[in-house]
Amino acid sequence: MSVFQTYLQLGFFHIFNLQAYDHLVFLLALCAPYVLQDWRRVAALVTSFTVGHSITLALATLGFVQYSPALIEVLIPVTILLTCLVNLSKAGQRPNPRAPIVLALPNLLAISFGLIHGLGFSSYLRELLGHQSRPVLELLAFNVGVELGQLLIVSLILILGLVVLRVFNVARRDWLLVVSGAAAGIAVILLLQHA
């Protein structure tokens, strides 16, 4: 297996690591307002998040940015909580179908929060890389793997939402409230653990 394939798989499977469940909870909160027919918006949103975390992941892994891991451990649940609060404030509103898909406010928020999550990924990736000084190929492959993993998870979330909304006839507003409330509860628990 090539180096690219190895790090692609590491990035992909890192998303499914239960020790990184805060990342899964963030993705759940990020996608809560959307349904399957909004898949283009969701793909743009997740890719925006990937752009953000790819920037800081690269900068931290290459040693250009120093940060406090303890601070990042607190800020990650804050990003989840803020995303949930934005969701809850918009409960009952449908996304504007004419709003831009790429240059949208939720995408800017996702990029910003991605910057924080990228720092959380960097310690894991630095452990994998060891003492390599310029692991550009590895960084690229890892980020592509993370993006593919995120898109798979988001697809599963959207399909679950479709089943809940269509099969069980749950109102979209109720789905948003339950999912965002659950994610917010997990974020508060994480905050209390790191306080």
Side-chain angles (χ1 to χ4, degrees), residues 11-57 72-97 99-121 143-165 170 172-191:
F12 183 84
F13 289 114
H14 179 65
I15 295 303
F16 296 96
N17 184 339
L18 290 181
Q19 292 177 341
Y21 71 92
D22 54 349
H23 190 74
L24 297 174
V25 173
F26 180 77
L27 288 173
L28 182 64
L30 200 61
C31 297
Y34 301 97
V35 293
L36 192 56
Q37 68 190 28
D38 300 320
W39 68 269
R40 286 182 189 87
R41 290 189 187 286
V42 174
L45 191 63
V46 171
T47 301
S48 298
F49 178 61
T50 300
V51 167
H53 74 65
S54 295
I55 291 168
T56 50
L57 176 62
I72 297 305
E73 290 298 319
V74 170
L75 289 178
I76 287 175
V78 168
T79 65
I80 298 168
L81 194 55
L82 290 174
T83 302
C84 293
L85 292 175
V86 168
N87 291 349
L88 294 172
S89 73
K90 294 182 179 184
Q93 300 174 15
R94 291 186 182 258
N96 180 358
I101 291 178
V102 176
L103 298 174
L105 185 60
N107 296 358
L108 296 175
L109 194 63
I111 287 173
S112 302
F113 290 166
L115 295 171
I116 294 167
H117 285 252
L119 294 174
F121 281 150
N143 281 316
V144 170
V146 166
E147 174 73 351
L148 293 173
Q150 289 178 157
L151 289 172
L152 177 60
I153 287 168
V154 165
S155 298
L156 295 173
I157 292 168
L158 292 176
I159 290 168
L160 175 64
L162 177 71
V163 169
V164 169
L165 296 175
V170 171
R172 187 171 176 172
R173 177 182 174 274
D174 294 343
W175 167 254
L176 173 64
L177 291 173
V178 168
V179 170
S180 296
I186 293 170
V188 168
I189 291 169
L190 287 169
L191 275 172

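Starting from 1, each residue takes its place in the sequence as its number.
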[X] vs [Y] side-chain heavy atoms within contact, under 4.5 Å:
{"X": "Phe121", "Y": "Ile15", "value": "yes"}
{"X": "Ile157", "Y": "Ile153", "value": "yes"}
{"X": "Leu88", "Y": "Leu177", "value": "yes"}
{"X": "Phe26", "Y": "Thr79", "value": "yes"}

Shortest non-hydrogen contact between [X] and [Y], atoms and distance:
{"X": "Pro33", "Y": "Leu30", "result": "CD-O, 3.6 Å"}
{"X": "Gly118", "Y": "Thr56", "result": "CA-OG1, 3.3 Å"}
{"X": "Leu191", "Y": "Pro77", "result": "CG-CB, 3.8 Å"}
{"X": "Ile80", "Y": "Ala183", "result": "CG2-O, 3.7 Å"}
{"X": "Ala32", "Y": "Val179", "result": "CB-CG1, 3.7 Å"}

So, using side-chain contact (heavy atoms from CB on, under 4.5 Å) as the criterion, who are the partners of [X] when residues are at least two apart?
{"X": "Leu109", "answer": "Val86, Phe113"}
{"X": "Val154", "answer": "Leu27, Cys31, Val42, Val46, Leu158"}
{"X": "Ile159", "answer": "none"}
{"X": "Val178", "answer": "none"}

Side chain to side chain donor-acceptor pair (under 3.5 Å) contacts touching residues 175-185 (sequence neighbours left out):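 Those involving residues 175-185 are Asn87-Ser180.
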
Do any pairs count as a side chain to side chain donor-acceptor pair (under 3.5 Å) and have a residue in residues 16-35, sequence neighbours left out, and if so which ones?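 Every pair satisfying side chain to side chain donor-acceptor pair (under 3.5 Å) with a residue in residues 16-35: His23-Gln150.
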
Euclidean distance, [Y] [atom2] relative to [X] [atom1], rounded to 0.5 Å:
{"X": "Leu75", "Y": "Leu81", "atom1": "CG", "atom2": "CG", "value": "12.0 Å"}
{"X": "Leu36", "Y": "Leu162", "atom1": "CG", "atom2": "CG", "value": "5.5 Å"}
{"X": "Ile116", "Y": "Ile76", "atom1": "CD1", "atom2": "CD1", "value": "8.0 Å"}
{"X": "Ile55", "Y": "Ile111", "atom1": "CD1", "atom2": "CD1", "value": "7.0 Å"}

List the residues meeting side chain to side chain donor-acceptor pair (under 3.5 Å) with [X], not counting sequence neighbours, and say none if there are none.
{"X": "Asn107", "value": "none"}
{"X": "Ser48", "value": "none"}
{"X": "Ser54", "value": "Asn143"}

Under the salt bridge (charged side-chain N to carboxylate O under 4.0 Å, His left out) rule, collect the residues that match up with Arg41, sequence neighbours excluded.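 Not a single residue meets the salt bridge (charged side-chain N to carboxylate O under 4.0 Å, His left out) criterion with Arg41.
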
Who pairs with Phe12 by ring-ring contact (aromatic ring centres under 6.0 Å, His included), at least two apart in sequence or on another chain?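 Phe12 satisfies ring-ring contact (aromatic ring centres under 6.0 Å, His included) with Phe16 only.
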
For Leu160 and Leu156, what are the C-alpha separation, side-chain angles and deciding distance, and is it a side chain to side chain contact (heavy atoms under 4.5 Å, CB included)? CA-CA 6 Å; Leu160 175 64; Leu156 295 173; over 6 Å; no

